Trainee: 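After the structure tokens below, expect a handful of questions from me.
From a predicted model like this one, the values you see are computed outputs, not experimental measurements. Here, residue 1 is the first one in the sequence, and each next residue gets the next number. Atoms within a ligand are numbered from 1 in the order they appear, just like the ligands themselves.
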Amino acid sequence: MADRRSVWAWGMESREPSHEHLRDAARNLSARYGLSLEAAKPTKSGSLSLRRPRLSIPKALGTLCSTDTYDRAFHAYGHSFRDRVRKFRGQYPNPPDAVAYPREEADVTTLLDWCSSKGYAAIPFGGGSSVVGGVEPPEGYSGIVTIDMARMDRVIEIDKTSRAARIQAGALGPQIESQLKPDGLTLRHFPQSFEFSTLGGWIATRSAGHYATNHTHIDDFLESARMITPAGAWETFRLPGSGAGPSADRLVLGSEGILGVITEAWVRVQAAPRHRAAASVMFRSLTSASDAARAIAQAKLWPANCRVLDEGESQAAAGMDGGHALLVIAFESADVPQVDLMRQAIAIARDAGGRVDESDIMLAGGEKDQAGRPGPASIWRQSFIDMPYTWNTLLGLGLINDTFETAITWDRWPDFDHRVRGAVQDALNRVCGGGTVTCRITHVYPDGPAPYYTFTGMGRPGSELEMWAEIKQAAGDAVNSAGGTITHHHAVGRDHRPWYDKERPDLFASALRATKKTLDPRGILNPGVLIDP
Ligand SMILES: Cc1cc2nc3c(=O)[nH]c(=O)nc-3n(C[C@H](O)[C@H](O)[C@H](O)COP(=O)(O)OP(=O)(O)OC[C@H]3O[C@@H](n4cnc5c(N)ncnc54)[C@H](O)[C@@H]3O)c2cc1C
């Protein structure tokens with residue numbers, strides 16, 4: 001059988017860890033941490049039995065829609081901790097009744113007309129990498145149709161003069177890059193989910209790439225967008241910039257599937273970089289490393305990557321001693337040598353107390369070094385993109401292991417970090433009898449950092465989801481009360497609603513509801529995400 005996406009693990013079925021592999025992981029972790037972990041068995045797609053589809057598919061839509069068990073199970077969840085646990089256990093109480101695969105815009109219109117006329121919930125679906133319940137079907141609908149954009153995956157047109165490309169929304173990260181490559185171009189938007197997330201999903205969630213200090217969010221790349229709504233098509237002008245009233249593109253960005261189905265977009269592309277420089281600088285503490293990152297950002301050197309790992313993260317990711325924080329800096333350009341910029345960044349980092357050996361500074365080179373081996377930038381990016389595969393092996397061991405991210409202005413840092421970390425550690429102590437919280441700063445702006453936290457604790461078998469919910473609540477409350485956003489890039493979905501509702505102005509919610517009523521009068525599109533149905 002052809003390889004296909006795993007119903008429970010990150011990646012394809014061919015990369016699912018075997019039960020033996022999970023048992024090895026359990027043995028190794030038990031030995032390392034003095035635990036007695038046991039590996040449960042994941043539920044395979046072949047053994048699933050789902051609720052019968054509650055709708056019948058009109059003849060005209062027969063070639064677009066599937067009611068196959070695998071298709072419905074695969075589209076029932078995204079990839080949050082809660083989703084992964086339920087997929088692993090084979091818990092599917094509310095799967096979509098049908099999954100539709102439109103081939104062109106006209107199909108999207110027909111599908112939305114069908115859902116509107118029947119009152120079925122319609123869920124736009126890109127790569128399914130949502131970690132906030134963004135693609136999970138809502139309760140209370142007599143039918144649920146998930147609209148998977150996978151068949152609309154082409155780069156349709158390239159404008160080399162303006163350096164822009166028109167790309168269909170269902171194209172995954174690697175499909176975009178491989179179609180741009182023959183023209184020497186690249187989008188260079190690398191969220192960690194790059195392999196299995198789409199342009200449409202990125203726009204709908206305002207995703208953030210890594211290797212991305214100057215161009216971070218997909219917002220920075222969007223030139224114009226096209227979206228099919230139940231009320232008709234929405235298309236904006238292609239412009240390098242515009243001051244004409246509130247931006248129509250800004251309403252598409254972050255719309256999370258509640259206003260329409262994004263079908264294609266013009267995005268800004270660039271020439272593939274040839275000049276690179278990279279370095280890692282060691283610090284005595286997270287605070288001094290983040291002081292250096294702030295100074296580099298405020299000097300407007302615009303490194304392509306400027307991330308800070310705290311003591312725990314630098315130990316786990318870079319094999320350091322657990323007593324030092326790490327600042328990772330990288331520059332890249334298609335045209336301009338990056339040596340001077342890197343030298344200036346290193347000087348700033350040293351002034352802030354950083355230590356770096358000359359041998360740890362790479363001042364030239366491209367994606368490959370002179371011997372044809374991958375350079376540090378591509379090694380880093382590949383290991384970063386491979387990381388979710390290692391999380392597959394932690395499933396079924398009873399561990400509670402999740403991440404959350406936010407952003408805050410510098411004047412409230414590092415106090416913000418102490419408050420958030422303290423609240424999550426207290427919750428871990430209370431709920432799990434202990435655990436770890438680590439932090440890295442994934443994005444740095446002149447006015448503030450975007451910290452990304454990882455927490456791990458031991459769950460009681462069968463109670464992991466309730467225990468996780470208590471810790472997640474503590475984390476969300478701490479971030480919100482300390483003034484941070486509930487998400488810098490993971491989106492709102494259904495899971496972040498309680499805190500998003502506090503963060504956004506009430507009048508904005510009313511305006512968003514009014515917009516939705518205009519574009520989606522029957523309220524069928526992704527109900528429960530961002531605002532109430
Ligand atoms: C391992 C892992 C790492 C991640 N790393 C990052 C990261 O580095 N940066 C980051 O920003 N995010 C990250 N995420 C979160 C996630 O990948 C992003 O939110 C991503 O943008 C979702 O894209 P997708 O195509 O998978 O969308 P989906 O998960 O399929 O959908 C997400 C939301 O967008 C809507 N949507 C999808 N396609 C369309 C469309 N064509 N039209 C209208 N609405 C649509 C859906 O209805 C849903 O609300 C990560 C997730 C995982 C699992």
Trainee: Take the angle between the ring planes of H496 and W499 and call it parallel below 30°, perpendicular above 60°, tilted in between.
Mentor: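 Judged by the thresholds at 30° and 60°, the geometry between H496 and W499 is perpendicular.
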
Trainee: If a pair satisfies side-chain hydrogen bond (donor to acceptor under 3.5 Å, both in side chains) and one of its residues is in residues 111-120, list it, with sequence neighbours excluded.
Mentor: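 Checked against side-chain hydrogen bond (donor to acceptor under 3.5 Å, both in side chains) - neighbours excluded - no pair reaches residues 111-120.
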
Trainee: Any idea which residues sit under 4.0 Å from ligand 1, heavy-atom distances?
Mentor: W10, H79, P124, F125, G126, G127, G128, S129, S130, V131, G134, V135, M149, A169, P191, Q192, S193, F196, S197, T198, G200, G201, W202, A204, T205, S207, A208, H210, E256, G257, G260, V261, I262, P388, W391, H489, H490, N526

Trainee: Report yes or no: is the cationic atom of R5 (NZ for Lys, CZ for Arg) under 6.0 Å from the centre of the six-membered ring of F196, at an angle within 45° of the ring normal?
Mentor: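 Relative to the ring axis of F196, which defines the angle, R5 lies inside both limits.
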
Trainee: For F455, what residues pass the ring-ring contact (aromatic ring centres under 6.0 Å, His included) criterion, not counting sequence neighbours?
Mentor: none

Trainee: Sequence neighbours excluded, which residues qualify as side-chain contact (heavy atoms from CB on, under 4.5 Å) partners of Q315?
Mentor: none

Trainee: When you compare the side chains of D107 and Y101, does any donor N or O come within less than 3.5 Å of an acceptor on the partner?
Mentor: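 No, Y101 and D107 have no side-chain donor paired with an acceptor closer than 3.5 Å.
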
